[in-house]
Amino acid sequence: MSLWIPVTLAAAAFQTVRFMLQKSLSTVKLSAAGATFARFAYSAPLVVAGLLAYLLISGRSLPTLDLTFWTFAVVGGTAQILATICVVALFKQRNFAVGITFKKTEVIQTALVGLIILGEGVSVWGFVAIMIGLLAVLLLSKTPGGDGKWWAHLTNRASQLGLGSGVLFAFSAVSYRGASLQLGDLEPAFRAGITLAAVTSFQMIAMAAWLAWRDRAELRAVWETRNTGLFVGLTSMGGSFCWFLAFTLQNAAYVKALGQIELIFSLMASALFFREKITGREIAGIGLLGVSILALVMAI
């Protein structure tokens, strides 16, 4: 089995736990921006410390990080900040499992953005598998209890936040792969570590500056929730490293498509931890996404 497959599965598991923690933070003390900042504030120092420890032990040095690398890193980091804020805000609109499902529109969008920016296309069968996943997302696009055709509900706030986060996550994924590819022939794990350290450091500094300017009370709230925030940082570090390593090893569209297994994890979290009711429509949509995941693995 190709290394990128278990790495992606691990990333999805880490990310589900991290979003669960962020959901808890956002519904108790923190705003969407604060819950997002908590992720970077507690993960960036850990990532940088890990990279420095590796450099010290191995005796290696950092490669030259040129303008193209930093352009990809900043674009990807900014898009991820905005996308994460959308997702955390989305949790207030719909339940946990469906919130994650709306975010998964990033899969088809990642394929398109990857083709445009990096010139990386997908196979015919890979595209078919991705389209099956898209159909599942459309199945889930109707607000529970709403009336009318499903497409009429694509303009509600939940759908707008979900679709918007999908566009932004698509740009972040492709940008991270682009940044990693700028590091040449270094081994994949080293490239992933360098890219992750650069991106999370930028995100921490950028969001800290923004909150210090616009909402200093939120900075204090992030510190006051540090017991949970530390676990957000740890799960974020584990998940982000796995995502970055997977992006280094494989086309970002394929990685994101396989990462849809997170929906199964989120369904379990929604029912078992948040005690949220899952409708038949939602179960059918998630089941269809499961079919698309299997089809993708068989297609590659």
Side-chain angles (χ1 to χ4, degrees), residues 12 15-40 75-110 112-113 133-175 203 206-207 210-211 214-215 218 232 236 239 243 256 259-260 262-263 265-267 269-270 274 276-279 281-282 285-286 289:
Q15 183 159 294
T16 300
V17 176
R18 192 247 301 165
F19 274 130
M20 288 170 59
L21 293 170
Q22 285 183 299
K23 177 179 172 70
S24 298
L25 287 174
S26 67
T27 56
V28 178
K29 293 197 68 173
L30 301 182
S31 67
T36 301
F37 175 62
R39 169 189 178 180
F40 305 127
V75 169
T78 302
Q80 187 180 28
I81 288 173
L82 298 175
T84 305
I85 291 174
C86 286
V87 171
V88 175
L90 178 59
F91 289 149
K92 300 176 186 291
Q93 300 294 317
R94 299 200 59 178
N95 70 35
F96 187 70
V98 178
I100 291 293
T101 301
F102 273 121
K103 185 182 76 68
K104 284 303 175 183
T105 57
E106 69 188 289
V107 176
I108 186 65
Q109 297 178 72
T110 299
L112 297 174
V113 174
L134 179 61
L135 289 176
V137 172
L138 295 177
L139 180 64
L140 285 161
S141 64
K142 184 177 179 180
T143 303
D147 297 320
K149 303 298 183 180
W150 62 264
W151 55 79
H153 296 268
L154 289 174
T155 57
N156 63 36
R157 179 171 172 76
S159 297
Q160 290 171 349
L161 287 170
L163 294 172
S165 71
V167 174
L168 293 164
F169 273 124
F171 273 95
S172 70
V174 173
S175 296
Q203 290 170 320
M207 285 212 72
W210 171 263
L211 289 175
R214 298 299 298 271
D215 193 355
E218 196 66 19
V232 171
S236 177
W243 284 124
K256 286 294 187 180
Q260 288 180 123
E262 178 189 343
L263 288 165
F265 301 153
S266 67
L267 174 62
S270 184
F274 297 116
E276 295 172 336
K277 183 179 179 181
I278 306 299
T279 68
R281 176 189 294 272
E282 292 161 2
I286 291 173
L289 278 168

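No experiment lies behind these values; they were computed from the predicted model shown.
Nearest heavy-atom pair across T110 and A173 is CG2-CB, 4.4 Å. In plain terms, the two heavy atoms of Q203 and G77 that are nearest each other are NE2-O, 3.1 Å. Considering all non-hydrogen atoms of both residues, C86 and L161 come closest at CB-O, 3.7 Å.
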T78 vs F171, side chain to side chain contact (heavy atoms under 4.5 Å, CB included): CA-CA, chis, key distance, verdict: CA-CA 10 Å; T78 302; F171 273 95; over 6 Å; no
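Residues satisfying the side-chain contact (heavy atoms from CB on, under 4.5 Å) criterion with S172, sequence neighbours excluded, are A79, Q80, F169, Y176.
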